[in-house]
Student: 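Sending over a structure as structure tokens; questions will come in a sec.
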Amino acid sequence: MAGQKNFEVDQNATFSFIVEYKDNNGLPIDLTGATAKMQVRDTKGGAKLAFTLTSPSTGGITITPLLGQLTIKMTPTQTNKLFYPKSSYDIMITDSNTNKIKLLEGFLTLSRSVTI
């Protein structure tokens, strides 16, 4: 079962966070050869897509394999596309054996900006 985490995101600002994938003993799970994808939509299973992030890092997700970490980075252009008042997201990993794992899901609550 995926972890759940909600975030408050400032509109038109860079937003980033780190996800750590660990086993039941708290040890990092090796992500060597893995890829990751994150989509942000209006609702869970919604038809309206705000944006997609992918690994490698040029797609907005950087994987640090031996630490089991994913660094997620949204640009100001992307945070400006978030749905008000909140958007739904999840992060999927495809490991080196092509197993798909939903790592994290939740909501991005948009804090609207005055300065755009």
Side-chain angles (χ1 to χ4, degrees):
M1 178 171 232
Q4 296 189 355
K5 177 72 176 162
N6 300 324
F7 296 98
E8 185 170 330
V9 180
D10 290 325
Q11 181 183 27
N12 203 41
T14 301
F15 181 76
S16 63
F17 61 95
I18 294 174
V19 179
E20 295 180 333
Y21 188 28
K22 296 184 176 183
D23 65 17
N24 292 334
N25 297 317
L27 298 173
I29 293 176
D30 187 349
L31 295 174
T32 300
T35 60
K37 183 176 181 178
M38 173 180 169
Q39 288 195 328
V40 179
R41 295 183 177 271
D42 55 334
T43 60
K44 275 189 171 186
K48 295 180 183 176
L49 176 67
F51 56 87
T52 299
L53 300 178
T54 59
S55 61
S57 60
T58 55
I61 301 176
T62 303
I63 298 175
T64 308
L66 298 181
L67 297 179
Q69 288 184 342
L70 283 76
T71 301
I72 312 297
K73 185 174 181 182
M74 297 174 214
T75 66
T77 300
Q78 290 164 329
T79 61
N80 199 37
K81 291 181 179 180
L82 292 173
F83 299 100
Y84 183 80
K86 67 182 179 181
S87 303
S88 183
Y89 80 93
D90 65 14
I91 301 170
M92 299 287 290
I93 294 174
T94 303
D95 69 16
S96 59
N97 295 318
T98 67
N99 297 311
K100 290 192 175 195
I101 303 138
K102 188 188 322 185
L103 185 60
L104 191 65
E105 65 182 351
F107 296 99
L108 304 174
T109 301
L110 183 63
S111 177
R112 288 200 163 170
S113 294
V114 174
T115 305
I116 301 285

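Just so you know, these numbers use all the heavy atoms, side chains as well, and skip hydrogens, waters and symmetry mates. Being a predicted model, the structure only gives us computed values, none of them experimental.
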Student: Once rounded to the nearest 0.5 Å, what's the spacing between atom CG of Leu66 and atom CG of Leu31?
Tutor: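 Those atoms lie 9.0 Å apart.
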Student: Distance-only check: which donor-acceptor pairs under 3.5 Å involve side-chain atoms of residues 46-56, not counting sequence neighbours?
Tutor:
unit_1	atom_1	unit_2	atom_2	d
Thr52	OG1	Gln39	NE2	3.2
Ser55	OG	Ala36	N	2.9

Student: Which residues pass the ring pair (Phe, Tyr, Trp, His ring centres under 6.0 Å) test with Phe83, not counting sequence neighbours?
Tutor: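 Checked Phe83 against ring pair (Phe, Tyr, Trp, His ring centres under 6.0 Å); zero matches.
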Student: Between Ile61 and Leu70, which heavy-atom pair has the shortest distance, and what is it?
Tutor: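 In terms of heavy atoms, the two residues are closest at CG2-CD2, 4.0 Å.
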Student: Identify, with sequence neighbours excluded, every residue that meets side chain to side chain donor-acceptor pair (under 3.5 Å) alongside Thr32.
Tutor: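 With neighbours one apart ignored, the set is Asp30.
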Student: Quick one: NZ on Lys37 to CE on Met92, what's the gap to the nearest 0.5 Å?
Tutor: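 Here the rounded value is 9.5 Å.
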Student: How would you list, by chain and number, every residue that makes a side-chain contact (heavy atoms from CB on, under 4.5 Å) with Thr43, sequence neighbours excluded?
Tutor: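 Partners of Thr43 by the side-chain contact (heavy atoms from CB on, under 4.5 Å) criterion come out as none, since no residue qualifies.
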Student: Can you pull out every salt bridge (charged side-chain N to carboxylate O under 4.0 Å, His left out) where at least one residue sits in residues 85-99? Sequence neighbours excluded, please.
Tutor: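 Found none.
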Student: Atom OG of Ser111 and atom CD of Gln11: how far apart are they, to the nearest 0.5 Å?
Tutor: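 Nearest 0.5 Å value for the OG-CD distance: 8.5 Å.
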Student: If you compare all heavy atoms of Pro28 against all heavy atoms of Gly68, which two are closest, and at what distance to 0.1 Å?
Tutor: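 Result for this residue pair: CB-N, 4.0 Å.
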Student: Partners of Phe15 by side-chain contact (heavy atoms from CB on, under 4.5 Å), sequence neighbours excluded?
Tutor: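 Per chain and number, Phe15 pairs via side-chain contact (heavy atoms from CB on, under 4.5 Å) with Phe7, Val9, Phe17, Met74, Thr79.
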Student: Could you tell me which residues satisfy side-chain contact (heavy atoms from CB on, under 4.5 Å) with Thr64, sequence neighbours excluded, listed by chain and number?
Tutor: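 So Thr64 forms a side-chain contact (heavy atoms from CB on, under 4.5 Å) with Leu67, Gln69.
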Student: Kindly say whether Phe107 contributes a backbone atom to a donor-acceptor pair with the side chain of Asn6 at under 3.5 angstrom?
Tutor: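 Confirmed, Asn6 side chain pairs with Phe107 backbone.
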Student: Residues two or more places apart in sequence or in another chain: which of them pass side-chain contact (heavy atoms from CB on, under 4.5 Å) with Ser96?
Tutor: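 Ser96 satisfies side-chain contact (heavy atoms from CB on, under 4.5 Å) with no residue once adjacent residues are dropped.
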Student: How many angstroms lie between atom OG of Ser88 and atom CG of Asp42, to the nearest 0.5 angstrom?
Tutor: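 Output value for this atom pair is 8.5 Å.
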Student: In Å and rounded to the nearest 0.5 Å, what is the CD1 to OG1 distance from Ile63 to Thr35?
Tutor: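 Ile63 atom CD1 to Thr35 atom OG1 measures 6.5 Å (nearest 0.5 Å).
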Student: Tell me the salt bridge (charged side-chain N to carboxylate O under 4.0 Å, His left out) pairs involving residues 18-28, sequence neighbours left out?
Tutor: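 Listed by first then second residue: Glu20-Lys22.
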Student: Distance check, rounded to the nearest 0.5 Å: Ile91 atom CD1 versus Ile72 atom CD1?
Tutor: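 Going from the CD1 atom of Ile91 to the CD1 atom of Ile72 covers 4.0 Å.
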Student: With sequence neighbours left out, write down each residue that passes salt bridge (charged side-chain N to carboxylate O under 4.0 Å, His left out) with Lys102, or none if nothing qualifies.
Tutor: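 Listed in chain order: Glu105.
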